[in-house]
There are 2 protein chains.
Amino acid sequence: MSNMNAIQHNPTHHTTIQLLQSHSLTTLVQQEIARLIETGELSAGDKLNEWSVAERLGVSRGPVREAFRALAETGLLRMEKNRGVFVRQVSIKEAEEIYEVRAALDQLVGRRLAEIIRPEQLKELRVIVNGMEKAAAKQDVDAYYPLNLRFHDTLVQFTGNSKLLTTYRRIVNELNLYRRDALAGEKGNLLVSTREHKKIVDAIASGDPDRASRALHDHVAAGRERMHRAHGIREPVQITRARKKST
Amino acid sequence: MSNMNAIQHNPTHHTTIQLLQSHSLTTLVQQEIARLIETGELSAGDKLNEWSVAERLGVSRGPVREAFRALAETGLLRMEKNRGVFVRQVSIKEAEEIYEVRAALDQLVGRRLAEIIRPEQLKELRVIVNGMEKAAAKQDVDAYYPLNLRFHDTLVQFTGNSKLLTTYRRIVNELNLYRRDALAGEKGNLLVSTREHKKIVDAIASGDPDRASRALHDHVAAGRERMHRAHGIREPVQITRARKKST
DNA sequence: TCTTTGTATATTGTCAACAATCTACAAAAC
DNA sequence: GTTTTGTAGATTGTTGACAATATACAAAGA
């Protein structure tokens with residue numbers, strides 16, 4: 001035990017060991033498929049063939065099947081017995097539901113961050129928002145989209161609540177399955193959306209939990225409306241409103 | 001197509017077909033293990049041996065491994081490569097985090113239900129609460145516990161938001177991994193808890209979203225405190241407070 | 001006695017083969 | 001021409017075998 005510390009802790013070796021210890025073929029396949037969905041190379045409704053995927057990644061069907069199970073559990077894939085697995089389709093009704101849950105989670109995020117945010121974290125957020133502003137000015141949706149995701153993911157990370165983070169990510173992943181289709185005519189909205197993000201950061205910086213909570217709720221609600229407009233639908237169901245402080 | 005309707009739709013056959021179509025061995029194994037954890041026959045930290053489980057259920061290791069993957073994704077199991085799978089241990093820190101997320105979700109539940117609850121649904125809730133009252137009077141924790149779970153699950157079901165339901169269930173399942181240990185000296189709390197449940201139903205029945213939201217938030221916060229007292233810990237971190245309406 | 005090293009065993013990771021099921025399409029019946 | 005039925009091919013579900021890794025324990029050395 002005593003001379004354990006004598007071992008040279010080459011950081012490269014260290015991470016390599018951890019990589020081998022944690023990453024089985026199944027995990028790798030899982031990550032790869034998740035990536036393909038995220039980048040849009042696989043889109044909603046596509047059928048995944050076990051043998052093809054196995055062939056393409058140079059593994060056998062076993063790990064692929066296990067990866068499918070895991071991804072089905074996260075909601076990215078749908079499995080039909082004896083028929084195959086498909087990239088999940090998210091209906092507008094489900095998107096509604098997800099937006100409602102996300103609003104609740106984001107309210108919690110705002111409330112919490114207003115209490116505990118640190119200056120360097122605020123700076124990091126403002127850097128992201130600046131990037132979004134530039135992308136918005138150029139109407140560059142491809143640059144804007146990942147920054148948007150990163151902004152919100154960072155917010156949740158800063159809460160320090162890892163359970164909240166995994167819950168949030170799961171939800172948002174599913175939402176992206178819907179949004180990818182509906183992201184065509186978003187151009188006009190980038191500037192509006194950026195303004196909302198600035199407002200969120202300012203609200204958090206003010207240290208007022210209610211204000212931050214409301215800013216995030218309103219942003220999610222606005223995003224939901226943009227989704228509807230993109231699909232030419234007006235306003236099916238009323239999402240829970242942000243409540244004012246008065247009576 | 002026309003004579004399809006001539007087929008006798010024997011309901012028994014119908015469900016049998018659906019059962020065969022949806023339930024693969026993997027699904028069965030998954031459900032069985034989930035049940036074993038829920039009923040406490042498997043408890044946190046236990047190691048699961050692939051071959052033993054396969055033997056016991058009369059299947060091969062393949063489906064068992066797939067079931068493990070799925071359950072690991074839901075948070076019920078933890079997989080360590082080349083070491084095995086274990087029933088997940090939930091630390092008090094994680095329990096804290098989960099309580100915070102759950103509070104946010106339950107607030108949403110309350111707000112929503114206050115708007116849309118139907119009389120027969122209120123009645124159903126009151127039936128459950130009555131059962132809890134009887135169990136509490138007899139200090140019968142074994143009877144009380146499942147009713148408590150069912151009460152909250154029913155609440156979320158009544159929102160009609162299926163995404164909220166799956167999210168909620170996932171969270172609560174993990175919380176139960178912790179609570180099972182900490183449920184020893186709960187006896188004195190049953191009456192208090194029952195009172196809170198009544199308050200929740202009344203708040204929902206009043207149709208006031210804020211009141212219902214607050215009732216559920218406070219109940220979750222109180223549950224969190226009971227957890228702490230059961231472990232002899234006072235108050236580590238401040239969970240987000242329910243906010244009064246006044247400025 | 002304590003540590004270290006090596007070996008046997010058990011368990012998991014991966015693969016390839018077989019069985020069960022579905023799909024597509026052609027042949028037969030109406 | 002339309003529907004039904006049957007068959008061939010493809011795909012998934014399941015299994016058992018083998019390889020890689022970890023664990024437990026005994027033997028050797030300090």
Side-chain angles (χ1 to χ4, degrees), chain A residues 1-7 13-14 16-33 42 45-73 76-88, chain B residues 1-7 13-14 16-33 42 45-73 76-88:
Chain A
M1 203 74 150
S2 53
N3 65 342
M4 271 287 282
N5 298 326
I7 299 175
H13 286 174
H14 190 248
T16 307
I17 289 175
Q18 289 200 335
L19 231 64
L20 283 185
Q21 281 182 339
S22 60
H23 287 340
S24 61
L25 285 187
T26 303
T27 350
L28 271 302
V29 174
Q30 186 175 344
Q31 289 175 359
E32 175 63 6
I33 295 176
L42 288 171
D46 287 359
K47 183 176 187 305
L48 289 173
N49 182 299
E50 291 180 0
W51 186 82
S52 306
V53 173
E55 184 81 343
R56 179 169 173 184
L57 301 180
V59 299
S60 75
R61 283 175 51 218
V64 174
R65 283 179 62 89
E66 287 184 33
F68 282 177
R69 279 283 164 207
L71 288 166
E73 206 64 44
L76 252 53
L77 299 181
R78 176 175 48 89
M79 303 185 81
E80 289 183 27
K81 192 192 171 195
N82 287 322
R83 301 210 14 154
V85 306
F86 306 83
V87 179
R88 177 114 174 281
Chain B
M1 204 74 149
S2 54
N3 64 344
M4 272 284 284
N5 298 327
I7 299 175
H13 286 174
H14 190 250
T16 306
I17 290 175
Q18 290 200 335
L19 231 64
L20 284 184
Q21 281 182 339
S22 60
H23 287 339
S24 61
L25 285 187
T26 303
T27 335
L28 271 302
V29 175
Q30 185 175 344
Q31 288 176 359
E32 175 63 7
I33 295 175
L42 288 171
D46 286 359
K47 183 175 188 302
L48 289 174
N49 183 297
E50 292 180 359
W51 186 82
S52 306
V53 173
E55 183 81 343
R56 180 169 171 183
L57 301 180
V59 299
S60 74
R61 283 175 52 220
V64 173
R65 283 179 62 89
E66 288 184 35
F68 283 176
R69 281 281 164 208
L71 289 166
E73 207 63 45
L76 252 52
L77 299 181
R78 176 175 47 89
M79 303 185 81
E80 289 184 27
K81 193 192 171 195
N82 287 324
R83 300 209 14 156
V85 305
F86 305 83
V87 179
R88 176 113 176 282

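So you know, we letter chains A, B, ... as the sequences are listed, proteins then strands, and number each from 1.
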Mind calculating the distance between [atom1] ([X]) and [atom2] ([N]) to the nearest angstrom?
{"X": "W51(B)", "N": "dT14(C)", "atom1": "CH2", "atom2": "P", "value": "22 Å"}
{"X": "F86(B)", "N": "dT12(C)", "atom1": "CZ", "atom2": "C1'", "value": "11 Å"}
{"X": "E50(B)", "N": "dT15(D)", "atom1": "CD", "atom2": "C1'", "value": "14 Å"}
{"X": "H23(A)", "N": "dT21(D)", "atom1": "NE2", "atom2": "P", "value": "16 Å"}
{"X": "F68(B)", "N": "dT12(C)", "atom1": "CZ", "atom2": "P", "value": "8 Å"}
{"X": "E66(A)", "N": "dT12(C)", "atom1": "CD", "atom2": "C1'", "value": "10 Å"}
{"X": "L57(B)", "N": "dT14(D)", "atom1": "CG", "atom2": "C1'", "value": "15 Å"}

Interatomic spacing from [atom1] in [X] to [atom2] in [Y] - rounded to 0.5 Å:
{"X": "I33(A)", "Y": "Q31(A)", "atom1": "CD1", "atom2": "CD", "answer": "11.0 Å"}
{"X": "K81(B)", "Y": "H23(A)", "atom1": "NZ", "atom2": "NE2", "answer": "10.0 Å"}
{"X": "E80(B)", "Y": "F86(B)", "atom1": "CD", "atom2": "CZ", "answer": "5.0 Å"}
{"X": "M79(B)", "Y": "T26(A)", "atom1": "CE", "atom2": "OG1", "answer": "7.5 Å"}
{"X": "R65(A)", "Y": "S60(A)", "atom1": "CZ", "atom2": "OG", "answer": "11.0 Å"}
{"X": "E55(A)", "Y": "R61(A)", "atom1": "CD", "atom2": "CZ", "answer": "12.5 Å"}

Look at [X] and [N] and indicate whether a side-chain polar atom (N or O) is within less than 4.0 Å of OP1 or OP2.
{"X": "N49(A)", "N": "dA10(D)", "result": "no"}
{"X": "K47(B)", "N": "dT12(C)", "result": "yes"}
{"X": "R65(B)", "N": "dG13(C)", "result": "yes"}

* T26(B) side chain: which of dT14(D), dT14(C), dT12(D) is closest? ->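 Of the candidates, dT14(D) comes closest.
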
* Asked: Looking at L76(A), V87(A), L48(A), V29(A), which hits side chain to side chain contact (heavy atoms under 4.5 Å, CB included) with L71(A)?
  ->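 So the option named by the test is L76(A).
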
* Can you give one letter per nucleotide of nucleotides 15-22 of chain C, going 5' to 3': B for a protein heavy atom under 4.0 Å from the base, S for sugar-phosphate only, - for none? -> B-B---SS

